[in-house]
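See below for the structure under consideration.
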Amino acid sequence: MLTLTAIRNQTEEIIKRLALRGKDRSNDIHEILKIDENKRQIQTSLEQNLAKSNALAKEIGDLFKTGETVKANIIKEESSNLKNTIKMLEQELLDADSLLTEKLYDIPNSPSFKVKLGYGPEDNETIFEWGTEPNLPPNALPHWELTEKYKLVDFELGNKITGAGFPVYTGKGARLQRALINFFLDEALKAGYYEIQPPILVNEASGIGTGQLPDKEGQMYHATIDNLYCIPTAEVPITNIYRDVILKESDLPIKNVGYTPCFRREAGSYGAHVRGLNRLHQFDKVEIVQIAKPEQSYEILEQMVEHVKGLLSKLGLKYRVLRLCGGDMGFASALTYDFEAWSGAQQKWLEVSSTSNFETFQANRLKCRYKNKDGKNELVHTLNGSALALPRIVASLLENNQTEDGIEMPECLHTYLGFTKI
RNA sequence: GGAGAAAUGGCAGAGCGGUUGAAUGCGGCAGUCUUGAAAACUGUUUUAGUGAAAGCUAACGGGGGUUCGAAUCCCUCUUUCUCCGCCA
């Protein structure tokens, strides 16, 4: 969530930046300021009463020590009466505070100045494109037919065991999954990331920390008996490592990478665009996460973008990079680059990575700070990106590299795969 | 899963109803000394809210309660440790 300090001190700038999302938020912001002011008034009044009560308690203690019990009892009564006022003010403060939090949760992150005003995907800017149109045979097949032909993924079997969107990878299909995961992890290690294998079930506090809760509850699988959630991305556990943590300046930037399966309920999805591997309930992803000093974060975002570009280039996939417009950007993000790989047989772009700078939006909820040069605690910036998500990479690889007599695998995967062709 | 014990500052560890935001030790930081370092000595060392500041308020695992007053008593949850059971 946005920090109150920013809303208070840079009100006009925040409003201007929020407007880039295509919706005027000035009323909400001013309402928040009003609630905040009211809250502070209540708080001041409460604290004054508490101070009085503390002073009386001390006085009673002293009186008992000197044996002046009669006098002490009189003050005791006075203090008892004060308690009612305090209780009332406490409740008022609690109400004001929860109202304030509720309103703050409702405001998305204010986009970076680099973000273009826009309302949907049509307003995104393509800032980079690489690769050439694959040369496909005349009878080229979409990946969902290739996976069947070469027995790589069994969707039917997944239906039987679990349900739609839970595919079973078999034979070379399974080995391709493992190869990609290892390739992505190794590339991240080479780039200086530290490998983490986190839990894939998280508690409620973690869901709130990275912003999946309380709003997007319906997107996650929920194990109700133990009140745990299946992670929709490794971002959740890996970023929550730093919840309620004060880092040293020398710790930054922190560069973590983790592979996890990801679970998304994708409630309400249907139709051709979810066919095959295009959209799944369970999929695999390697995620890179960085924690950075504010002044470094945008440079680091560029580095992360370069890293993802490198992966796609090595895989030989035609791809493009989009800078999302305000209206298409995620709730928590200040600047997002989407990566789309070209799917030759489907003749469409498939989103394979989303790499974002959240500035202090997540850090504020997480209470993740670092001690700066002046010894002050300052919120960090958090960033993350998929590097990469597997299913659509597999779809593109299979489709783009199909030949009359098999599917060629890119060279960078050969040693991981133990074969060169499917 | 059963039985028992415990949770205090960066760490270790006192306190177990009344100037205790918290003794002491270690660590950290600053200074004295030194050519420099070590040692020794001196000082300093949590965080958040509010305020121009002084100050005030809150926090001893989380939540709730008793009391004029709680780190200290009670309830509850969580976690850790020990023993038993089960298990890859």
Side-chain angles (χ1 to χ4, degrees), chain A residues 1-9 32-104 197-209 213-214 223-229 237 240-252 254 261 360 362-380:
Chain A
M1 64 183 155
L2 290 176
T3 63
L4 262 177
T5 326
I7 293 178
R8 243 188 269 162
N9 299 340
I32 284 172
L33 284 172
K34 234 163 79 185
I35 298 169
D36 175 47
E37 196 174 318
N38 178 248
K39 186 196 130 182
R40 268 148 59 211
Q41 256 172 35
I42 296 168
Q43 190 178 329
T44 309
S45 164
L46 170 65
E47 284 176 1
Q48 279 165 359
N49 279 290
L50 279 171
K52 213 189 289 177
S53 162
N54 285 345
L56 288 179
K58 204 173 269 178
E59 206 178 321
I60 293 167
D62 291 341
L63 288 173
F64 271 122
K65 259 187 215 157
T66 55
E68 300 175 69
T69 44
V70 181
K71 213 166 164 190
N73 280 321
I74 296 170
I75 300 177
K76 242 165 115 168
E77 193 146 331
E78 191 182 337
S79 185
S80 282
N81 294 335
L82 203 57
K83 259 179 86 171
N84 292 326
T85 318
I86 288 172
K87 256 204 170 117
M88 199 185 72
L89 285 168
E90 267 174 348
Q91 188 56 49
E92 270 181 54
L93 183 66
L94 222 62
D95 291 345
D97 193 57
S98 58
L99 181 64
L100 187 62
T101 311
E102 191 186 307
K103 296 286 176 194
L104 276 173
Q197 200 172 101
I200 57 177
L201 266 76
V202 294
N203 58 28
E204 205 174 341
S206 293
I208 291 170
L213 294 173
T224 50
I225 293 178
D226 298 297
N227 199 23
L228 296 174
Y229 295 85
N240 269 284
I241 292 172
Y242 306 98
R243 171 153 49 85
D244 292 319
V245 165
I246 297 174
L247 296 159
K248 284 187 291 211
E249 190 176 2
S250 57
D251 293 337
L252 303 173
I254 289 169
T360 59
Q362 285 184 329
N364 188 28
R365 271 205 206 186
L366 289 164
K367 290 206 185 64
C368 177
R369 292 155 296 174
Y370 81 102
K371 235 178 229 321
N372 67 18
K373 283 192 185 70
D374 310 326
K376 284 249 182 191
N377 290 337
E378 193 178 337
L379 289 171
V380 297

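Every heavy atom of this structure was used, including side-chain atoms; hydrogens, water molecules and symmetry mates were not.
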Between [N] and [M], how far apart are the two [atom1] atoms, rounded to whole Å?
N: B/A70; M: B/A58; atom1: P; value: 9 Å
N: B/U47; M: B/C84; atom1: C1'; value: 42 Å
N: B/G55; M: B/A22; atom1: P; value: 14 Å
N: B/C11; M: B/A23; atom1: P; value: 15 Å
N: B/A37; M: B/A30; atom1: P; value: 12 Å
N: B/U72; M: B/G62; atom1: P; value: 11 Å
N: B/A71; M: B/U20; atom1: P; value: 12 Å
N: B/C26; M: B/A59; atom1: P; value: 31 Å

State whether the side chain of [X] and the backbone N or O of [Y] hold a donor-acceptor pair below 3.5 Å, judged by distance alone.
X: A/Asn227; Y: A/Ala223; result: no
X: A/Ser98; Y: A/Leu94; result: yes
X: A/Asn203; Y: A/Leu228; result: no
X: A/Arg369; Y: A/Leu247; result: no
X: A/Asn364; Y: A/Leu2; result: yes
X: A/Thr3; Y: A/Ala6; result: yes

TODO: Mark yes when over 12 heavy atoms from residues, nucleotides or ligands other than A/Glu37 sit less than 6.0 Å from its CD; otherwise mark no.
DONE: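 Not more than 12 within 6.0 Å, no.
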Provide, to the nearest angstrom, the distance between the [atom1] atom belonging to [X] and the [atom2] atom belonging to [N].
X: A/Ile86; N: B/U67; atom1: CD1; atom2: P; result: 14 Å
X: A/Glu90; N: B/G65; atom1: CD; atom2: P; result: 9 Å
X: A/Glu204; N: B/G62; atom1: CD; atom2: C1'; result: 14 Å
X: A/Glu249; N: B/C29; atom1: CD; atom2: C1'; result: 16 Å
X: A/Phe64; N: B/C68; atom1: CZ; atom2: P; result: 10 Å
X: A/Leu228; N: B/U78; atom1: CG; atom2: P; result: 12 Å
X: A/Asn73; N: B/G69; atom1: CG; atom2: C1'; result: 14 Å
X: A/Leu50; N: B/G55; atom1: CG; atom2: C1'; result: 15 Å

TODO: Taking atom types as modelled, find out whether A/Asn73 and A/Glu77 have a side-chain donor-acceptor pair closer than 3.5 angstrom.
DONE: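 No, A/Glu77 and A/Asn73 have no side-chain donor paired with an acceptor closer than 3.5 Å.
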Open item on the list: Which residue is it: A/Arg40, A/Gln41, A/Glu47? I am looking for the one with a side chain to side chain donor-acceptor pair (under 3.5 Å) to A/Gln43.
Closed with: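 Only one option passes, and that is A/Glu47.
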Task: Dot-bracket pairing map - RNA chain B, Watson-Crick plus G-U, both contacts under 3.5 Å, | cross-strand - done: ((((((((.[[[..)..(.....]]]((((((.......))))))(((((....))))).[[[[[..)....]]]]])))))))....
- [ ] Between A/Gly61 and A/Ser53, just flag the one whose closest nucleotide in RNA chain B comes earlier from the 5' side.
- [x]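 In this pair, the answer is A/Gly61.
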Please write out the pairs of protein N or O atoms and N or O atoms of nucleotides 45-53 of chain B separated by less than 3.5 Å, giving the distance to one decimal.
from  : atom 1 : to       : atom 2 : distance (Å)
B/U47 : OP1    : A/Lys371 : NZ     : 2.3
B/U47 : O3'    : A/Asn377 : ND2    : 3.3
B/A48 : OP1    : A/Arg369 : NH1    : 3.3
B/A48 : OP1    : A/Asn377 : ND2    : 3.3
B/G49 : O2'    : A/Gln43  : OE1    : 3.2
B/G49 : O2'    : A/Gln43  : NE2    : 2.4
B/G49 : N2     : A/Glu47  : OE1    : 3.0
B/U50 : OP1    : A/Arg8   : NH2    : 2.9
B/G51 : OP1    : A/Arg40  : NH2    : 3.1

Open item on the list: At less than 4.0 Å, is any side-chain N or O atom of A/Asn54 found next to OP1 or OP2 of B/U57? Yes or no.
Closed with: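 True: A/Asn54 side-chain N/O within range (under 4.0 Å) of B/U57 OP1/OP2.
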Open item on the list: What I'd like to find out is whether the side chain of A/Pro261 reaches to under 4.5 Å of the side chain of A/Ile200, using heavy atoms alone.
Closed with: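 Yes; the side chains approach each other to less than 4.5 Å.
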